[in-house]
Amino acid sequence: MRKNLSLTFEKYRKYLPFLFVTLVFITYHCFIDTNSNDDIYFRDVFTKMSLPEILHKRYVEWSSRTLIDLLLYVPIMFPVLWKVADILILSSITMIICSLVEANEKERWYCCFLVLMYPFKDMVSAGWITTTVNCIWPLWGLLFISLYLKKCIKNQKIKWYEYIICAVVLVFTCNQEQVSVVMLTIVVIALVTQLKKKQFKNPFLYMTLVINIASLIFIQTCPGNNARFYVEATNRVPEFFDYTLLQKLCLGLLNVMRVFIAELNPLFWVVAVTLMVLVYKKTHHYLKTMLAALPVLLLAAHSILISMFPVLKEIFVVPIQTFDVKWLGLHTILFLLELFAVIFGVIYAMHQLLDKWRGEFWAMLFILGAGFATAVVMGFSPTLYASANRVFTYFYFSLIFVCGYCVCRNRFRISFQKIEGLLIKTIALIWVLSNVLENLQFLYEVV
């Protein structure tokens, strides 16, 4: 009996990381109140107007997310169904990421910890249901389609009914403009990979590309997007119409700097420390490690050094949420220099860890760049701050994916002593649990 139990445990222990993540998300959803912000608004609108009227009105006056609005009806009207679906989607996101990076058992735990470091409380900004359906669910679609793009690259057969399922998922997923851009990046990477192999006959890739481009055309030609831009700019920032492209780009960059570096973002801390440790363990070269450690050093400067030397507050200032930026001011220049130093450090670490696989380095760089672009592009919108931190979702998960990929790709090239491994696991567990407890505290206080 004991032997059978032991064999059963060994058989299913690979699923323990996913079970742990699922339990955490179940706990989160037990505290979630679905009567807030846009959830209340949409419930009221869906009650008073017919669905075709709502979709037409929003398409003409507000948004190109017509298919997302259509899907939103069921979760809004039946919150319990949304909770079940959202738990399944969030849990399966972790499983898909582990499948894409080909993680082993230990690496699955690491990827799960990275996902749990995501600030789930950001999803309340426009109402739990509205925000997750608009941000997290398209992310799931992006990762789901990526599984099939990986199949294409490996020349694995895709069945006819999988084409139908993927087409439906694609149409929904690409209705979210940020995801559509990331999807296009991934499809182009897959196409280039296939062209290098001189494999031109791959209908799934062409189907994905056509739907993706059609979705981008739909988004660009939607009258509601322009109408909303005009209304939001007029009401929030009238001078936004006079900003140059460079000024808007600067706004986007400063906002990324504020959230990920100046405010000591926990997930970015983990990613930065992971890349630094991996580079050191792989190269044992102090100069290379120092260059890869630039993000860690700058994060430390905004926390440890400022508390020790208050005078540094004049240098490492936390950017504030404002459109009134002194474009050539000292602080603005310092912010941007810090951000570029962090970007260099991350790219350098990736280059060191993926130096034997140049094609994969460029693929990961483009994926991370696409995620970064979805965050920076918000500088071109007058709702830059009104949209809160939910707009960073895709940058967060591009960091999670690329970091997980670097860890898995170097599993045979880097080894840790037993005491080192124990220390890393202990720190990781404390870090993750503190983030989970912070999210739970936030959910409890909101309720």
Side-chain angles (χ1 to χ4, degrees), residues 15-47 68 71-97 108-141 143 176 259 263-270 386-397 399-400 428-447:
Y15 299 111
L16 285 177
F18 309 129
L19 177 61
F20 178 66
V21 168
T22 303
L23 289 174
V24 170
F25 284 126
I26 289 173
T27 307
Y28 284 169
H29 284 74
C30 288
F31 288 92
I32 286 177
D33 179 13
T34 55
N35 292 304
S36 63
N37 303 335
D38 285 356
D39 293 348
I40 298 174
Y41 164 76
F42 277 110
R43 195 168 292 125
D44 183 57
V45 169
F46 286 143
T47 304
I68 293 177
L71 180 66
L72 185 62
Y73 176 82
V74 175
I76 285 289
M77 301 308 290
F78 305 97
V80 175
L81 287 178
W82 166 77
K83 287 192 176 186
V84 174
D86 202 52
I87 290 168
L88 292 173
I89 284 172
L90 286 164
S91 301
S92 60
I93 280 175
T94 313
M95 297 178 71
I96 294 173
I97 290 174
R108 286 191 198 107
W109 279 109
Y110 178 76
C111 291
C112 288
F113 283 166
L114 282 179
V115 170
L116 290 178
M117 290 301 296
Y118 173 74
F120 185 67
K121 60 187 178 181
D122 288 354
M123 292 294 103
V124 73
S125 56
W128 290 106
I129 299 176
T130 305
T131 310
T132 52
V133 172
N134 277 270
C135 295
I136 296 295
W137 291 22
L139 171 68
W140 176 88
L143 294 170
Q176 214 281 5
V259 173
E263 294 182 358
L264 310 175
N265 188 279
L267 176 57
F268 190 65
W269 256 112
V270 173
S387 297
N389 289 354
R390 64 179 181 269
V391 298
F392 298 115
T393 298
Y394 309 110
F395 185 36
Y396 274 121
F397 277 90
L399 283 168
I400 290 170
L429 185 60
I430 293 171
W431 219 333
V432 169
L433 288 178
S434 65
N435 192 66
V436 170
L437 290 173
E438 183 183 341
N439 280 320
L440 286 173
Q441 182 183 4
F442 174 81
L443 289 168
Y444 179 77
E445 290 174 353
V446 169
V447 172

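- W137 places none of its side-chain heavy atoms less than 4.5 Å from the side chain of L72.
- Within the 4.5 Å cutoff, no side-chain heavy atoms of V74 are placed close to those of W82.
- Side-chain N/O atoms of T130 and D39 include a donor and acceptor closer than 3.5 Å.
- A distance of 10.5 Å separates CZ of F20 from OG1 of T22, quoted to the nearest 0.5 Å.
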Pair Y110-V270, side chain to side chain contact (heavy atoms under 4.5 Å, CB included): steps then yes or no: CA-CA 11 Å; Y110 178 76; V270 173; 4.2 Å; yes
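- R43 and N35 share a donor-acceptor pair across their side chains, judged by distance under 3.5 Å alone.
- Across F397 and I93, no two heavy atoms sit closer than the pair CE2-CG2, 3.9 Å.
- Between the S36 side chain and the G127 main chain, no donor and acceptor come within less than 3.5 Å of each other.
- Of all heavy-atom pairs spanning I68 and N134, the tightest one is CG2-OD1, 3.4 Å.
- Side-chain atoms of P119 and N389, non-hydrogen and from C-beta on, never get closer than 4.5 Å to each other.
- Without hydrogens or angle criteria, N37 side chain to V124 main chain gives a donor-acceptor distance under 3.5 Å.
- With 3.5 Å as the limit, one finds a donor-acceptor pair spanning the side chains of W140 and S92.
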Criterion side chain to side chain contact (heavy atoms under 4.5 Å, CB included) on I32 and M123, from CA distance to verdict: CA-CA 11 Å; I32 286 177; M123 292 294 103; over 6 Å; no
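- Not one N or O on the side chain of K121 forms a donor-acceptor pair closer than 3.5 Å with the backbone of Q441.
- The structure places CG of D86 at 12.0 Å from CD1 of I26, a figure rounded to the nearest 0.5 Å.
- For R390 and S125, the side-chain atoms include at least one donor-acceptor pair closer than 3.5 Å.
- Looking at heavy atoms from C-beta onward, D122 lies out of side-chain contact with F392 at the 4.5 angstrom threshold.
- For T94 against C112, the heavy-atom pair with the smallest separation is CG2-SG, 3.2 Å.
- Under the 3.5 Å distance criterion, with hydrogens and angles disregarded, no donor-acceptor pair is assigned to the side chains of N435 and Y118.
- One distance of note links CD1 of I136 with OH of Y394; it measures 7.0 Å at 0.5 Å rounding.
- Between F120 and W128, the distance from one ring center to the other falls under 6.0 angstrom.
- The backbone N or O of F268 sits less than 3.5 Å from a side-chain atom of N265, completing a donor-acceptor pair.
- Going from atom CZ of F18 over to atom CG of L23 covers 13.5 Å, rounded to the nearest 0.5 Å.
- Between atom CG of residue L139 and atom CD1 of residue I97 there is a gap of 7.0 Å, rounded to the nearest 0.5 Å.
- Between H29 and F25, the ring planes lie perpendicular to each other; the angle is over 60°, past the 30° to 60° tilted range.
- Considering CD1 of I87 and SG of C30, their distance stands at 7.0 Å, rounded to 0.5 Å.
- Within the 4.5 Å cutoff, side-chain heavy atoms of Y73 are placed close to those of M77.
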